Amino acid sequence: MNASKQQSISQTSPHGRVTFLEGRGDLPMVEIATPWSAAEIYLHGAQVTHFQKQCEPPLLFLSQCSRFDTVHPIRGGIPIIFPWFGKPADKPGQHGFARVKDWELCEVTSPADGSVTLRLRLPECKPSVDCAACEVEYVVTVSDTLTAELRVSNKSGREFEFENCLHTYFAVGDIQAVKVTGLKGVEYLNQPTGFSRHTETADAIRFAEEVDRIYLATGHPVEICDKRLKRIIRVEKEGSNSTVVWNPWMAKAKAMPDYGDDEFKEMVCVESGNVAANKVILPPGQTSRLKIKLSSRALA
Ligand code: TA6
(Lines give C-alpha, C1' and ligand atoms only; values in the text may rest on other atoms or scores of the structure.)
Protein backbone atom coordinates (compact mmCIF):
# COMPACT_ATOMS: atom_id res chain seq x y z
CA MET A 1 0.00 0.00 0.00
CA ASN A 2 2.73 2.47 0.98
CA ALA A 3 4.57 4.04 -2.01
CA SER A 4 7.64 5.46 -0.31
CA LYS A 5 9.17 2.66 1.76
CA GLN A 6 12.68 3.57 2.91
CA GLN A 7 14.58 1.27 5.27
CA SER A 8 12.85 -1.43 7.24
CA ILE A 9 13.40 -3.72 10.18
CA SER A 10 11.20 -6.82 10.24
CA GLN A 11 10.10 -8.94 13.16
CA THR A 12 8.63 -12.15 11.87
CA SER A 13 6.91 -14.73 14.06
CA PRO A 14 5.58 -18.03 12.69
CA HIS A 15 2.26 -16.33 12.40
CA GLY A 16 2.33 -12.52 11.93
CA ARG A 17 4.97 -10.22 10.44
CA VAL A 18 5.67 -6.73 11.75
CA THR A 19 7.91 -4.33 9.79
CA PHE A 20 9.12 -0.96 11.11
CA LEU A 21 9.80 1.47 8.32
CA GLU A 22 9.67 5.06 7.18
CA GLY A 23 6.35 5.64 5.54
CA ARG A 24 5.00 8.61 3.62
CA GLY A 25 6.65 11.89 4.57
CA ASP A 26 9.37 9.67 6.12
CA LEU A 27 7.12 9.31 9.17
CA PRO A 28 7.76 6.19 11.29
CA MET A 29 5.22 3.52 10.40
CA VAL A 30 4.55 -0.11 11.31
CA GLU A 31 3.40 -2.52 8.62
CA ILE A 32 1.58 -5.64 9.79
CA ALA A 33 0.81 -8.85 7.95
CA THR A 34 -1.34 -11.63 9.45
CA PRO A 35 -2.70 -14.81 7.88
CA TRP A 36 -5.95 -12.91 7.17
CA SER A 37 -5.08 -9.29 6.67
CA ALA A 38 -2.63 -6.41 6.30
CA ALA A 39 -2.51 -3.14 8.22
CA GLU A 40 -0.43 0.04 8.59
CA ILE A 41 -0.08 2.25 11.65
CA TYR A 42 1.79 5.56 11.84
CA LEU A 43 3.30 6.66 15.18
CA HIS A 44 2.13 10.15 14.22
CA GLY A 45 -1.27 10.22 15.88
CA ALA A 46 -1.03 6.42 16.53
CA GLN A 47 -3.09 6.41 13.39
CA VAL A 48 -4.19 3.19 11.72
CA THR A 49 -4.21 4.21 8.05
CA HIS A 50 -4.83 0.86 6.39
CA PHE A 51 -6.66 -2.39 7.17
CA GLN A 52 -7.43 -4.87 4.41
CA LYS A 53 -8.61 -8.47 4.62
CA GLN A 54 -7.48 -10.88 1.94
CA CYS A 55 -9.78 -10.94 -1.10
CA GLU A 56 -11.46 -7.68 -0.01
CA PRO A 57 -10.86 -4.03 -0.85
CA PRO A 58 -9.40 -1.90 1.97
CA LEU A 59 -11.85 -1.38 4.84
CA LEU A 60 -10.44 2.06 5.72
CA PHE A 61 -10.37 5.15 3.49
CA LEU A 62 -7.15 7.19 3.23
CA SER A 63 -7.22 10.43 1.22
CA GLN A 64 -4.82 10.61 -1.72
CA CYS A 65 -4.32 14.25 -0.70
CA SER A 66 -3.55 13.61 2.96
CA ARG A 67 -0.59 15.41 4.45
CA PHE A 68 2.10 13.28 6.06
CA ASP A 69 4.12 15.62 8.26
CA THR A 70 4.71 16.17 11.97
CA VAL A 71 2.30 19.11 12.13
CA HIS A 72 -0.97 18.12 10.49
CA PRO A 73 -3.38 15.26 11.14
CA ILE A 74 -3.48 12.42 8.61
CA ARG A 75 -6.73 12.50 6.58
CA GLY A 76 -8.18 9.04 6.78
CA GLY A 77 -7.90 5.75 8.66
CA ILE A 78 -8.68 6.12 12.37
CA PRO A 79 -7.72 9.52 13.83
CA ILE A 80 -7.78 9.56 17.65
CA ILE A 81 -9.77 12.54 18.90
CA PHE A 82 -8.75 13.52 22.49
CA PRO A 83 -9.23 15.37 24.87
CA TRP A 84 -11.89 17.47 23.06
CA PHE A 85 -14.14 16.98 20.04
CA GLY A 86 -14.84 19.68 17.48
CA LYS A 87 -13.78 23.28 18.00
CA PRO A 88 -14.99 24.55 21.40
CA ALA A 89 -14.44 28.32 21.71
CA ASP A 90 -12.00 27.91 24.61
CA LYS A 91 -9.82 25.25 22.95
CA PRO A 92 -6.79 25.66 20.69
CA GLY A 93 -7.69 23.92 17.44
CA GLN A 94 -10.08 21.26 16.24
CA HIS A 95 -10.43 17.75 17.66
CA GLY A 96 -7.78 17.87 20.40
CA PHE A 97 -4.03 17.19 20.16
CA ALA A 98 -3.66 13.40 20.27
CA ARG A 99 -3.89 13.09 16.47
CA VAL A 100 -0.92 15.39 15.86
CA LYS A 101 1.40 13.96 18.50
CA ASP A 102 4.09 11.35 17.81
CA TRP A 103 3.20 8.37 20.01
CA GLU A 104 5.65 5.86 21.47
CA LEU A 105 5.46 2.22 20.49
CA CYS A 106 5.70 0.31 23.80
CA GLU A 107 5.03 -3.31 22.84
CA VAL A 108 4.41 -5.66 19.90
CA THR A 109 2.98 -9.12 20.50
CA SER A 110 2.17 -11.85 18.04
CA PRO A 111 0.61 -14.82 19.79
CA ALA A 112 0.16 -18.26 18.24
CA ASP A 113 -3.31 -17.41 16.92
CA GLY A 114 -1.69 -15.30 14.17
CA SER A 115 -2.99 -11.93 15.36
CA VAL A 116 -0.67 -9.00 16.01
CA THR A 117 -1.16 -6.51 18.86
CA LEU A 118 0.54 -3.13 19.26
CA ARG A 119 0.46 -1.03 22.42
CA LEU A 120 1.24 2.66 22.01
CA ARG A 121 1.51 5.51 24.49
CA LEU A 122 0.86 9.23 24.11
CA PRO A 123 3.90 11.20 25.31
CA GLU A 124 3.32 12.48 28.85
CA CYS A 125 0.33 14.82 29.12
CA LYS A 126 1.52 17.59 31.40
CA PRO A 127 -1.41 19.10 33.32
CA SER A 128 -2.79 22.19 31.52
CA VAL A 129 -6.08 24.07 31.23
CA ASP A 130 -6.95 21.71 28.38
CA CYS A 131 -5.94 18.42 29.95
CA ALA A 132 -5.48 16.93 33.42
CA ALA A 133 -2.39 14.87 34.25
CA CYS A 134 -3.16 11.55 32.65
CA GLU A 135 -1.72 8.49 30.97
CA VAL A 136 -3.06 7.60 27.55
CA GLU A 137 -2.52 4.26 25.83
CA TYR A 138 -3.82 2.75 22.62
CA VAL A 139 -4.00 -0.96 21.90
CA VAL A 140 -4.57 -2.16 18.34
CA THR A 141 -5.09 -5.82 17.40
CA VAL A 142 -5.00 -6.94 13.78
CA SER A 143 -6.48 -10.30 12.79
CA ASP A 144 -9.53 -11.09 10.64
CA THR A 145 -11.02 -8.10 12.43
CA LEU A 146 -9.46 -4.87 13.67
CA THR A 147 -9.89 -3.83 17.29
CA ALA A 148 -8.64 -0.57 18.80
CA GLU A 149 -8.89 0.52 22.43
CA LEU A 150 -8.12 3.97 23.85
CA ARG A 151 -7.34 3.91 27.59
CA VAL A 152 -7.17 7.13 29.58
CA SER A 153 -5.98 6.99 33.21
CA ASN A 154 -6.59 10.02 35.41
CA LYS A 155 -3.34 10.72 37.27
CA SER A 156 -4.55 14.00 38.73
CA GLY A 157 -6.16 14.47 42.12
CA ARG A 158 -9.35 15.81 40.60
CA GLU A 159 -12.16 14.76 38.26
CA PHE A 160 -11.05 14.87 34.62
CA GLU A 161 -13.70 15.83 32.06
CA PHE A 162 -12.86 15.10 28.42
CA GLU A 163 -14.23 13.95 25.09
CA ASN A 164 -12.84 11.14 23.01
CA CYS A 165 -13.63 9.66 19.61
CA LEU A 166 -12.20 7.08 17.20
CA HIS A 167 -12.95 9.04 14.03
CA THR A 168 -13.00 6.11 11.61
CA TYR A 169 -13.02 6.70 7.83
CA PHE A 170 -14.54 3.70 5.99
CA ALA A 171 -13.97 3.01 2.32
CA VAL A 172 -17.14 2.52 0.26
CA GLY A 173 -17.78 1.82 -3.43
CA ASP A 174 -20.32 4.60 -4.02
CA ILE A 175 -21.71 6.76 -1.22
CA GLN A 176 -25.07 6.97 -2.97
CA ALA A 177 -25.39 3.18 -2.74
CA VAL A 178 -24.61 3.09 0.99
CA LYS A 179 -26.98 2.67 3.93
CA VAL A 180 -26.04 3.05 7.60
CA THR A 181 -28.22 1.17 10.07
CA GLY A 182 -28.46 0.87 13.85
CA LEU A 183 -29.41 4.45 14.77
CA LYS A 184 -33.19 4.55 14.33
CA GLY A 185 -34.94 6.29 17.24
CA VAL A 186 -31.69 7.82 18.51
CA GLU A 187 -31.46 11.56 19.22
CA TYR A 188 -28.82 13.52 17.32
CA LEU A 189 -27.29 16.98 17.05
CA ASN A 190 -27.21 18.18 13.46
CA GLN A 191 -24.02 20.17 12.85
CA PRO A 192 -25.07 21.76 9.51
CA THR A 193 -28.04 23.43 11.27
CA GLY A 194 -26.12 24.66 14.29
CA PHE A 195 -26.39 21.41 16.27
CA SER A 196 -30.19 21.47 16.29
CA ARG A 197 -31.67 18.43 18.06
CA HIS A 198 -33.57 15.73 16.15
CA THR A 199 -34.57 12.06 16.45
CA GLU A 200 -33.54 9.60 13.72
CA THR A 201 -36.70 8.34 12.04
CA ALA A 202 -35.16 6.44 9.15
CA ASP A 203 -34.49 2.69 9.31
CA ALA A 204 -31.32 3.45 7.37
CA ILE A 205 -29.34 6.68 6.82
CA ARG A 206 -28.80 7.45 3.10
CA PHE A 207 -26.45 10.06 1.61
CA ALA A 208 -27.45 12.70 -0.93
CA GLU A 209 -25.97 15.81 0.78
CA GLU A 210 -23.60 16.76 3.62
CA VAL A 211 -24.27 14.65 6.71
CA ASP A 212 -22.66 15.62 10.02
CA ARG A 213 -24.56 14.26 13.04
CA ILE A 214 -23.68 13.46 16.61
CA TYR A 215 -25.93 10.61 17.83
CA LEU A 216 -26.23 10.65 21.60
CA ALA A 217 -26.77 8.04 24.31
CA THR A 218 -26.26 5.08 21.99
CA GLY A 219 -24.06 2.03 22.52
CA HIS A 220 -25.57 0.17 19.58
CA PRO A 221 -23.49 -1.52 16.93
CA VAL A 222 -23.79 0.17 13.53
CA GLU A 223 -23.61 -1.45 10.10
CA ILE A 224 -22.56 0.10 6.79
CA CYS A 225 -24.28 -1.68 3.92
CA ASP A 226 -22.34 -1.12 0.69
CA LYS A 227 -24.23 -2.29 -2.39
CA ARG A 228 -21.41 -1.41 -4.82
CA LEU A 229 -18.70 -3.42 -3.01
CA LYS A 230 -21.28 -6.04 -1.92
CA ARG A 231 -20.00 -5.71 1.63
CA ILE A 232 -21.37 -5.05 5.10
CA ILE A 233 -19.02 -3.39 7.57
CA ARG A 234 -19.96 -3.83 11.23
CA VAL A 235 -18.85 -1.39 13.93
CA GLU A 236 -19.14 -2.74 17.46
CA LYS A 237 -18.09 -0.65 20.41
CA GLU A 238 -17.62 -0.59 24.19
CA GLY A 239 -17.29 2.39 26.52
CA SER A 240 -18.87 4.71 23.94
CA ASN A 241 -22.20 6.55 24.20
CA SER A 242 -21.91 8.67 21.06
CA THR A 243 -21.80 7.78 17.36
CA VAL A 244 -20.91 10.43 14.79
CA VAL A 245 -21.85 10.00 11.13
CA TRP A 246 -20.11 12.27 8.61
CA ASN A 247 -19.80 12.79 4.89
CA PRO A 248 -18.67 16.31 3.81
CA TRP A 249 -20.30 16.06 0.37
CA MET A 250 -19.25 18.32 -2.54
CA ALA A 251 -18.77 21.85 -1.17
CA LYS A 252 -16.95 20.85 2.06
CA ALA A 253 -14.85 18.38 0.05
CA LYS A 254 -13.66 21.21 -2.18
CA ALA A 255 -12.87 23.38 0.86
CA MET A 256 -10.57 20.84 2.52
CA PRO A 257 -6.91 21.20 1.38
CA ASP A 258 -6.00 17.62 2.28
CA TYR A 259 -8.97 15.90 0.64
CA GLY A 260 -9.80 15.23 -3.04
CA ASP A 261 -12.80 17.02 -4.58
CA ASP A 262 -14.50 13.72 -5.44
CA GLU A 263 -13.35 11.64 -2.51
CA PHE A 264 -16.68 12.20 -0.70
CA LYS A 265 -18.07 9.56 -3.11
CA GLU A 266 -15.84 6.81 -1.71
CA MET A 267 -15.92 7.22 2.08
CA VAL A 268 -18.17 7.58 5.11
CA CYS A 269 -17.12 8.28 8.68
CA VAL A 270 -18.83 6.30 11.42
CA GLU A 271 -17.13 7.41 14.60
CA SER A 272 -17.33 5.92 18.09
CA GLY A 273 -16.74 8.07 21.16
CA ASN A 274 -18.07 10.16 24.00
CA VAL A 275 -18.80 13.71 22.93
CA ALA A 276 -21.01 16.66 23.91
CA ALA A 277 -23.49 15.56 26.62
CA ASN A 278 -21.81 12.13 26.64
CA LYS A 279 -18.39 13.48 27.60
CA VAL A 280 -16.41 11.38 30.09
CA ILE A 281 -16.16 12.49 33.72
CA LEU A 282 -13.32 10.38 35.09
CA PRO A 283 -12.66 10.26 38.87
CA PRO A 284 -9.06 10.49 40.10
CA GLY A 285 -7.14 7.21 39.76
CA GLN A 286 -9.71 5.71 37.38
CA THR A 287 -9.27 4.51 33.78
CA SER A 288 -11.74 4.93 30.93
CA ARG A 289 -11.73 2.50 27.98
CA LEU A 290 -13.14 3.24 24.54
CA LYS A 291 -13.03 0.21 22.27
CA ILE A 292 -14.12 -0.57 18.71
CA LYS A 293 -14.20 -3.82 16.77
CA LEU A 294 -14.40 -3.55 12.99
CA SER A 295 -15.47 -6.56 10.94
CA SER A 296 -16.91 -7.22 7.52
CA ARG A 297 -18.89 -9.83 5.64
CA ALA A 298 -20.23 -10.29 2.14
CA LEU A 299 -23.58 -8.72 1.31
CA ALA A 300 -25.79 -11.67 0.33
O1 TA6 B 1 -16.59 14.16 12.95
C2 TA6 B 1 -17.18 15.03 12.07
C3 TA6 B 1 -16.42 16.34 12.09
O4 TA6 B 1 -16.47 16.93 13.34
C5 TA6 B 1 -16.93 17.25 10.97
O6 TA6 B 1 -17.62 18.35 11.48
C7 TA6 B 1 -15.69 17.62 10.19
O8 TA6 B 1 -15.14 18.78 10.62
C9 TA6 B 1 -14.81 16.42 10.45
O10 TA6 B 1 -15.02 16.10 11.79
C11 TA6 B 1 -13.36 16.55 10.09
O12 TA6 B 1 -12.68 17.39 10.94
P13 TA6 B 1 -11.13 17.75 10.61
O14 TA6 B 1 -10.67 18.61 11.75
O15 TA6 B 1 -10.39 16.45 10.54
O16 TA6 B 1 -11.13 18.47 9.28
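In each ligand, atom 1 is the first atom listed, and ligand 1 is the first ligand listed. It should be emphasised that the depicted structure is a prediction, and the values quoted were computed from it without experimental measurement.
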*Asks:* Out of R99, Q94, H95, H167, whose heavy atom is nearest to atom 15 (O) of ligand 1?
*Replies:* R99
*Asks:* Should one rank Y259, F85, W246 by closest heavy-atom distance to atom 11 (C) of ligand 1, which comes out on top?
*Replies:* W246
*Asks:* Could you state whether F162 and V275 fall into the same hydrophobic cluster, counting links through intermediate Ile, Leu, Val, Met, Phe, Trp or Tyr residues with side-chain heavy atoms under 4.5 angstrom apart?
*Replies:* no
*Asks:* Taking the side chain as everything from C-beta on, heavy atoms only, tell me whether V152 gets closer than 4.5 Å to V280.
*Replies:* no
*Asks:* Show, in sequence, the C-alpha distance, side-chain angles and deciding distance for E223 and R234, and conclude whether the salt bridge (Lys or Arg N to Asp or Glu O under 4.0 Å) test is met.
*Replies:* CA-CA 5 Å; E223 293 200 333; R234 184 173 172 81; 2.9 Å; yes
*Asks:* Report yes if some N/O of E271 lies less than 3.5 Å from some N/O of ligand 1; otherwise report no.
*Replies:* yes
*Asks:* Numbering the atoms of ligand 1 from 1, which are under 4.0 Å from a heavy atom of D212?
*Replies:* 2 (C), 5 (C), 6 (O)
*Asks:* What do you reckon, is NZ of K293 surrounded by more than 12 foreign heavy atoms closer than 6.0 Å?
*Replies:* no
*Asks:* Using a 4.0 Å cut-off to any heavy atom of V244, which atoms of ligand 1 qualify?
*Replies:* 1 (O)
*Asks:* Is any NZ, NE, NH1 or NH2 atom of the basic residue among R213 and E200 found under 4.0 Å from an Asp or Glu carboxylate oxygen of the other?
*Replies:* yes
*Asks:* Counting heavy atoms only, name the option from R213, R75, M256 that's nearest to atom 16 (O) of ligand 1.
*Replies:* R75
